[in-house]
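Treat the numbers as computed from the prediction; the structure is a model and nothing was measured.
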Amino acid sequence: MDVDYQLNRPQRTPTRIIDYAKELNEDQYQAVTAPAAPVLVIAGAGSGKTRTLTYRVAYLMENGVEPENILLLTFTNKAAKEMLHRVTSLLPHDISNLWGGTFHHVCNRLLRRHAEMIGYQRDYTILDRDDAKDCLESAMQDLGLDPKDKERPRADVMLDIFSFASNTTQSIEKVVTEKYPYFVVETQLIQQVGIAYQLKKKEQNVMDYDDLLTQTLVLLNTNSAIRERYQMQFQHVLVDEYQDTNKIQSELIDLLAGYHRQVMAVGDDAQSIYSWRGADFQNILTFPDRYPGTAMVKIELNYRSTPEILELANQTISNNRQQFSKTLRSGRRAGHHAKPALVALDNSNMQAEFIRQRIMELHEEGIDLNEIAVLYRSHFHAMELQFELTRRGIPFQITSGLRFFEQAHVKDVCAFLKLAVNPKDEVAFKRIVGLLPGIGAKTAHKLWQDFNTGKELAGMKVPTKSIEAWKQFAALREQILLPENRGASAQIGIVLEGYYEDYMKAKFSNYTSRKEDLGQLQIFAQQFERTEDFLAELSLQTNLEAGEDTKKTEEGPQIRLSTVHQAKGLEWKVVFVMMLCDGLFPSSKAIENGEGEEEERRLFYVAVTRAKDELYLTHPEWRTGSHANSFFQKQSRFIDELPSDAYVRWRIK
């Protein structure tokens, strides 16, 4: 029979340095001073979540809790460092023994102590993404597979499959079926590679980023003594951004808090927008069920946005059924703030013109360009806007990656068109043949020499593994050059259908979004009669012709362009949310089920709550289809749901 015996250590004399009631608002104070029990803190956008967690740590220590008995879990090292730095500025205590950091940091700390219990040595090394790819390719070679085989899923894609399966505790078969259905026939092969990859890592005493979580879970589940030791140690577990936790992170929290069960989970269910990378919205919704007796505290005072912006945000999120209801209220002084503006434009080019013109007006009124952001659901939504800003010489920075025409898949497809226009384009030729299996730099150069002397593609000698792909390339080029297929739009369609779409499936884990980009590029190209004109326009926008590094570093104020996903946690004085068309925002794929629609609505909520002073919601009423025909485009259902007094409609002349 097991008997619990309480060891009563001398308690540090509680100090009272901080006046919590003075430093915190009423909601924050309630969360910070909550009794020792499970606590779920629903912290609305802009409500001071970091401040709340920081003061909670200080409050626990001022009430006699030792630093080593506190576990603070965050999603970024920056967040952990900021909170711990603030604690040290509030209290004179030594907090070096406090366990604080990202999930991966804390798990690595545990594994460094106990790795031998799960078959590793403590001096294991951690693989970064490139090292993990090399290790996986080595495992493929052990199975007799060619990692460079461009007709099978590439190592990068398989790493993403394994990562999603690990973080969601799903089988590889389920992940492939639901997220990569075009690889279903390769499921058995992917599973074999996964097993070989795990064996290879253990054999080399290495772990990848996901192993830090999965192997810690194995350690805690299989070693009761170690599990109970840390359960006893961590009297208080505090978790930041709880709505973004995945299945395995939730299980780790529940295990480590298994004895004291004093978890403070801080997050906002209304900002849960990362299911596509494994975050599980149900973790925060079911927290009170998993922790009976949970005290729930809502922090609803927002210090960021005007009352008018918050009213629109409250109205939109109220349409979600699965949520903890709350009402954001503004901590800013009441005044004559502008209501959010709803702006319908004739087409996407006019939308770009409006945003550009309004930005310059705001700038002339004294608003710094750094305080202005344009947010969108998908990268290709801002294509015309990038053109417009570049034409006008207005500086902008893209948070969501490279500029549209600098992306690899766009440059790949354009290389086929460039070679059709100019057979002397060596850079384009080598870029194309480099996409084919079995062709490296040396072979590409030799093939170019043959092609440049007038040799027909069909008559060239290529490596054995390249023969079939080369035949495709030769047939594709013949088709592009047919008189009836002149024009960039038709030629892009031929490239996609003839080769590149299958290539993207094997090469890129985000195949679907890249396909959307190229579909939009094809539509954009319809306005040019000649391919030469289309390519000339692109070359004015980018360094595409030179094939050089196009990542620009610019100094001075810049407008921020960003997807909403990458804007979470940021804020600006003025925010434009563009391309609010049904099927684009929300995306048609995401709204195939009710859960997807609710997450899209949460995404819209995140977008509008980035704005401090002014918010503009824009959408084109007409869009160009794949056959150059224009069609009426319904505005987003998220706008339809809003009462008319939530915004002011701007009529554009």
Side-chain angles (χ1 to χ4, degrees), residues 156-157 160 178-183 273-277 347-349 351-352 374-387 398-414 416-417 488-527 534 538 541 561-567 577-592 596-597 599-600 603-604 607 619-620 622-631 633-634 636:
D156 279 327
V157 176
D160 285 335
E178 294 183 357
K179 288 180 67 70
Y180 304 85
Y182 41 87
F183 284 145
I273 58 173
Y274 296 117
S275 65
W276 52 276
R277 69 183 189 196
N347 53 53
S348 55
N349 286 325
Q351 177 181 232
V374 184
L375 307 182
Y376 37 83
R377 173 64 178 81
S378 298
H379 199 29
F380 73 84
H381 293 175
M383 184 177 68
E384 290 88 355
L385 179 61
Q386 290 185 40
F387 261 114
I398 299 181
T399 303
S400 48
L402 294 171
R403 299 188 178 205
F404 185 86
F405 297 105
E406 295 172 350
Q407 298 174 104
H409 53 296
V410 174
K411 294 174 74 172
D412 286 346
V413 168
C414 287
F416 285 89
L417 275 61
S489 183
Q491 291 171 349
I492 291 170
I494 291 168
V495 174
L496 286 172
E497 187 177 345
Y499 182 75
Y500 199 72
E501 190 169 337
D502 288 337
Y503 173 83
M504 283 196 297
K505 288 177 181 176
K507 172 73 174 175
F508 303 117
S509 60
N510 60 342
Y511 151 74
T512 303
S513 64
R514 290 178 188 256
K515 183 182 176 184
E516 286 179 339
D517 285 349
L518 294 174
Q520 193 67 23
L521 183 70
Q522 187 177 4
I523 291 170
F524 175 77
Q526 291 173 358
Q527 63 189 285
F534 168 74
L538 262 61
Q541 303 293 322
L561 307 188
S562 177
T563 62
V564 182
H565 284 106
Q566 292 183 300
V577 185
M578 67 178 297
M579 206 58 85
L580 282 165
C581 306
D582 219 48
L584 295 180
F585 196 167
S587 82
S588 55
K589 183 173 176 59
I591 58 177
E592 290 174 355
E597 180 174 330
E599 179 159 337
E600 290 288 293
L603 190 64
F604 179 59
H619 67 93
W622 293 88
R623 292 183 61 223
T624 304
S626 56
H627 300 292
N629 58 313
S630 292
F631 61 92
Q633 174 67 63
K634 287 181 61 179
S636 171

Closest non-hydrogen atom pair between [X] and [Y], with its separation:
| X | Y | value |
| --- | --- | --- |
| Phe183 | Ala506 | CZ-CA, 3.6 Å |
| Tyr274 | Glu599 | N-OE2, 3.5 Å |
| Leu518 | Val410 | CD2-CA, 4.1 Å |
| Ala607 | Leu375 | O-CD1, 3.9 Å |
| Ser562 | Ala567 | OG-N, 3.7 Å |

* **Lys179 atom NZ, neighbour heavy-atom count above 12 within 6.0 Å** =>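 Buried by this count: over 12 neighbours within 6.0 Å.
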
* Is the count of non-hydrogen atoms from other residues, nucleotides or ligands lying under 6.0 Å from Gln527 atom CD greater than 12? ->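 Above 12, so yes.
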
Between [X] (side chain) and [Y] (backbone), is there a donor-acceptor pair under 3.5 Å?
| X | Y | result |
| --- | --- | --- |
| Gln633 | Asp582 | yes |
| Gln520 | His381 | no |
| Thr563 | Tyr376 | no |

Interatomic distance, [X] atom [atom1] to [Y] atom [atom2] [nearest 0.5 angstrom]:
| X | Y | atom1 | atom2 | value |
| --- | --- | --- | --- | --- |
| Trp276 | Thr512 | CH2 | OG1 | 13.0 Å |
| Gln386 | Leu561 | CD | CG | 6.0 Å |
| Lys505 | Tyr182 | NZ | OH | 8.0 Å |

Beyond-backbone contact of [X] with [Y], side-chain heavy atoms, under 4.5 angstrom:
| X | Y | value |
| --- | --- | --- |
| Ser513 | Phe508 | no |
| Arg377 | Glu600 | yes |
| Leu580 | Phe604 | yes |
| Asn510 | Asp160 | no |
| Ile492 | Phe524 | no |
| Met504 | Leu496 | yes |
| Gln351 | Glu384 | no |
| Pro586 | Glu597 | no |

* Would Glu501 and Tyr511 count as having a side-chain donor-acceptor pair, cut-off 3.5 Å? -> yes

* Check whether the side chains of Gln566 and Thr399 place a donor and an acceptor atom closer than 3.5 Å, and report yes or no. => no

* Test log, rule side chain to side chain contact (heavy atoms under 4.5 Å, CB included), inputs Ser489 and Phe534 -> CA-CA 9 Å; Ser489 183; Phe534 168 74; over 6 Å; no

* Asked: Between Tyr500 and Phe416, is the ring centre distance below 6.0 Å?
  -> no

* Using side chain to side chain contact (heavy atoms under 4.5 Å, CB included) as the criterion, point out the one residue from Met578, Met579, Met383, His619 that pairs with Ser348. => Met579

